[in-house]
**Student:** 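Take a look at the following structure, please.
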Amino acid sequence: MISARVAVPFGLALAAGGLAVYLSGNPTAEIASATTAVILASVGGVMYYSDRSFVGPSSAPPAEVEPDPGAWSMLHGRIDAALQGGAIAREELVLLLDFLERSEVRYDRASAPVEELHRLSHLSVADFRAYLLARLDRLEGRT
C-alpha cells in the first residue's frame with residue numbers, strides 16, 4: 001500500500017499533467033506544467049522507493065528463527081528414502097549437499113562429476129550414511 005506522504009506528489013503530478021494537456025494552446029504554460037508534472041512524479045518515485053528500501057538501525061538483536069518441525073521431518077523422511085532408495089535418490093541427495101555447500105560455504109565449489117555421483121550412489125547403506133555424515137559435518141563447520 002502506498003503511503004499518503006508518497007501519494008501527494010503523484011496526485012500533484014497527475015494534476016500538473018492534466019493541466020499541461022488543458023493548456024495545449026499556450027506552449028510556455030504547457031511546458032512549465034509538464035515539467036512540473038515530471039518533477040513531481042520523480043519526487044514521488046524517489047519517496048516510494050525510499051519508503052520500500054530504507055531499513056533503519058535497530059538496537060534489538062535479530063530474532064532467533066525456530067526450526068520448522070514439519071520441514072525437519074520431511075527432510076528426515078527424504079534422507080531415509082534416499083538411503084533405502086536407488087541410485088537416483090542418492091544422487092539427488094549428493095546434488096542437494098553440493099548446492100548447500102555452494103550457497104553457504106564454498107561459492108566456487110563445482111557439482112560432483114558424473115563418475116563421482118555414480119560411485120557415491122552405489123555405495124552400501126552404511127558407507128553412504130558415513131559419507132552423508134562427513135559432508136554434513138563439513139557443512140556445519142565441525143571438521
Side-chain angles (χ1 to χ4, degrees), residues 1-123 127-143:
M1 188 168 145
I2 191 168
S3 69
R5 183 177 84 90
V6 174
V8 170
F10 281 128
L12 291 173
L14 187 61
L19 185 61
V21 171
Y22 178 74
L23 296 173
S24 61
N26 184 348
T28 304
E30 180 184 16
I31 290 172
S33 185
T35 303
T36 303
V38 169
I39 291 171
L40 286 169
S42 299
V43 167
V46 167
M47 291 171 71
Y48 179 77
Y49 177 75
S50 67
D51 277 359
R52 298 288 179 240
S53 64
F54 179 73
V55 177
S58 173
S59 59
E64 287 287 324
V65 177
E66 292 294 322
D68 178 13
W72 282 109
S73 65
M74 183 177 70
L75 181 62
H76 186 266
R78 197 168 165 196
I79 291 172
D80 281 346
L83 289 172
Q84 303 306 320
I88 292 176
R90 290 182 179 187
E91 286 179 9
E92 286 178 4
L93 263 181
V94 171
L95 293 173
L96 175 63
L97 289 171
D98 288 348
F99 171 77
L100 289 173
E101 191 168 352
R102 274 194 310 277
S103 64
E104 297 294 325
V105 181
R106 293 182 51 208
Y107 303 104
D108 60 339
R109 187 189 197 296
S111 288
V114 174
E115 299 81 21
E116 181 71 2
L117 281 174
H118 181 75
R119 183 188 73 75
L120 292 170
S121 65
H122 289 86
L123 291 173
D127 289 341
F128 189 72
R129 191 177 299 259
Y131 165 79
L132 284 178
L133 290 174
R135 284 288 301 272
L136 289 172
D137 282 344
R138 274 199 317 259
L139 275 171
E140 293 175 346
R142 294 184 194 163
T143 60

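For reference, positions follow the sequence shown, starting with 1.
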**Student:** With sequence neighbours left out, write down each residue that passes salt bridge (charged side-chain N to carboxylate O under 4.0 Å, His left out) with R119, or none if nothing qualifies.
**Tutor:** E116
**Student:** Just jot down the side chain to side chain donor-acceptor pair (under 3.5 Å) partners of Y131, sequence neighbours excluded, or say none.
**Tutor:** R135
**Student:** State which residues pass salt bridge (charged side-chain N to carboxylate O under 4.0 Å, His left out) with R90; sequence neighbours excluded, sorted by chain then number.
**Tutor:** none
**Student:** Without placing hydrogens or testing angles, list every side-chain donor-acceptor pair under 3.5 Å for residues 32-42, not counting sequence neighbours.
**Tutor:**
from	atom 1	to	atom 2	distance (Å)
S33	OG	A16	O	2.6
S33	OG	A20	N	3.2
T35	OG1	I31	O	2.7
T36	OG1	A32	O	2.8
S42	OG	V38	O	2.9

**Student:** Please name all residues satisfying side chain to side chain donor-acceptor pair (under 3.5 Å) with D127, sequence neighbours left out, ordered by chain then number.
**Tutor:** S124
**Student:** At what distance, to the nearest 0.5 angstrom, does CG of L132 lie from CG of L120?
**Tutor:** 9.0 Å
**Student:** Restricting to side chain to side chain contact (heavy atoms under 4.5 Å, CB included), what partner residues turn up for H122, sequence neighbours left out?
**Tutor:** A87, H118
**Student:** List in chain and number order the residues that pass side chain to side chain contact (heavy atoms under 4.5 Å, CB included) with L23, two or more places apart in sequence or in another chain; answer none if no residue qualifies.
**Tutor:** L19, A29
